[in-house]
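Working notes, beginning with the structure itself.
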Amino acid sequence: MLVTALAAAPRLILFALQGGALASPPMDQELYLRMAGSLSEGRGLSFDEGSALLKAENTDQDNPLRDWASDRDFVFGIAPTGAPTATIEPGYPVLLAAAFSLSGPTTGAVFMVNLLAQVLGAWAVYLLASGFSGRKAGLASAACYSVYPYFVFYTSAAMTEAVHVAMIPVILLATLRSERGGAAPLFAGAATGLLFLVRSTALFLLPLQIIHEAAGRRWRGALLVTAGFAAMAAPWVVRNRIEMGSPVLLPTKGSLNLWMRNNPEALELEGIRIPESIMEGISRTDLLDYPGFEPDQGELERSDELAERSAGFIAANPLLFAWLSARRLIEYLSPLPSGRGGGLAAIAAGFGMYLPLAALSIAGVARNRRNRGIVLAASVFVLYAGIHALAHGGLRYRLPADTVLMVLAPAAFPPARRRSE
């Protein structure tokens, strides 16, 4: 009850202060809401014409992304409106649609989905830290999770962050408890599969879980973890085979992300300027031109062509890719957002919480480096850092891994001596 109250109180206060409105800036919230609305109205996972219009209206004529954002018949330039799509993960729109079916399409429904996820995450953080460092440490970690400004903020946003943040400690807890055998590994894999349907980044957690099981020579457990993940992901893959004509596993929008995140002209919109010494050596700039798709090309063909161009440009410019990866890693680990927004709350979160937690976590891992649970938790943070250095820079993508620091930080201190009875 205490952990629930700790997690719920600041989020309810924020939602009340916002007058029941969703967080601002809007970001991609409307796209998730429109997708949830499409599900609620029986149209399945598809975008309406308004989704493409929204992107077109928000992209000015001088924007280098205009080529893909201006086509009102396609969302992201690849997904035809009114047709089944696999551009984004289905999990979060499905959760929102389920909430809408109970209360209607209200901001309160969005908030309740996020709030329940965050409370679940707080419980998992409490149990993990308690298992590593004792009950008092568990309560301290849960309190830290509950008041972390970014976690509180995203609870009022129609974005995947609130669920993503919450599911990382849940997956860690389930993976550690899989050591008990029985059906526990199956649930651990299913937890990762559930997060995969919300954020495809979770796919890379599965090998960590399998390695953790194999390290303890629990071969049956490794198979069950894989089976649990496959059981959760199967409906998405089967749906894509039926609706899209191919058993797509990863969202097709990934190709657009790959193209944008390594395109100097697109990066300049975010204030990222490539050094002249690197710009002078860039080759195959023709691959940066957005493809002139034929009207009859479908989503999968468009995504594949864009992915091929992106991979070709990266292969032709390894120095640029290395520089961007290093920059993204720095932005990922930075205590402040890359845009330096957020004001006092960002400064408090970055320098008052994140940096101390990171320092204590490093000490905790060094002190308990033979503890496989501690090593597993630390590996998740390192894994996320590596993935996003190659793909997405910025603090926003680190937030789910910040839960790991809250679990590891108490391990820096020696365990309290037990009183003799």
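All residue numbers in this chain count up from 1 along the given sequence. As a basis for the values below, the full set of heavy atoms in this structure was taken, side chains included, without hydrogen atoms, waters or symmetry mates. It should be emphasised that the depicted structure is a prediction, and the values quoted were computed from it without experimental measurement.
- Side-chain atoms of W323 and R327, non-hydrogen and from C-beta on, do get closer than 4.5 Å to each other.
- S141 contributes no side-chain N or O that, together with a main-chain N or O of G138, makes up a donor-acceptor pair within less than 3.5 Å.
- Under the rule for a ring-ring contact (aromatic ring centres under 6.0 Å, His included), F132 has no partner lying at least two apart in sequence or in another chain.
- At least one side-chain heavy atom of R11 sits under 4.5 Å from a side-chain heavy atom of V152.
- Using a 4.5 Å cut-off on side-chain heavy atoms (C-beta onward), M27 and E161 make no contact.
- Contacts of Y92 classified as side-chain hydrogen bond (donor to acceptor under 3.5 Å, both in side chains), with partners at least two apart in sequence or in another chain: N114.
- Classification of the Y290-W259 ring pair by plane angle, with boundaries at 30° and 60°, yields perpendicular.
- Taking S255 as the reference, S303 meet the side-chain hydrogen bond (donor to acceptor under 3.5 Å, both in side chains) condition, with sequence neighbours excluded.
- Ring pair F151/Y148 is perpendicular by interplanar angle, where above 60° counts as perpendicular and below 30° as parallel.
- Rounding to the nearest 0.5 Å places CD of E305 at 11.5 Å from CD1 of I78.
- Side-chain contact between E331 and R398 is absent, with no heavy-atom pair separated by less than 4.5 Å.
- Annotation: side-chain hydrogen bond (donor to acceptor under 3.5 Å, both in side chains) contacts of R43 (sequence neighbours excluded): E41.
- For F187, the ring-ring contact (aromatic ring centres under 6.0 Å, His included) test picks out no residue, with sequence neighbours left out.
- The aromatic rings of F76 and F47 lie perpendicular to each other, with more than 60° between the two planes, well past the 30° mark.
- Residues satisfying the side chain to side chain contact (heavy atoms under 4.5 Å, CB included) criterion with P400, sequence neighbours excluded, are H164, V165, I168, Y384.
- Side-chain contact between I88 and M35 is present, with heavy atoms from C-beta onward closer than 4.5 Å.
- By the 4.5 Å heavy-atom criterion applied to side chains, P337 and R396 are not counted as neighbours.
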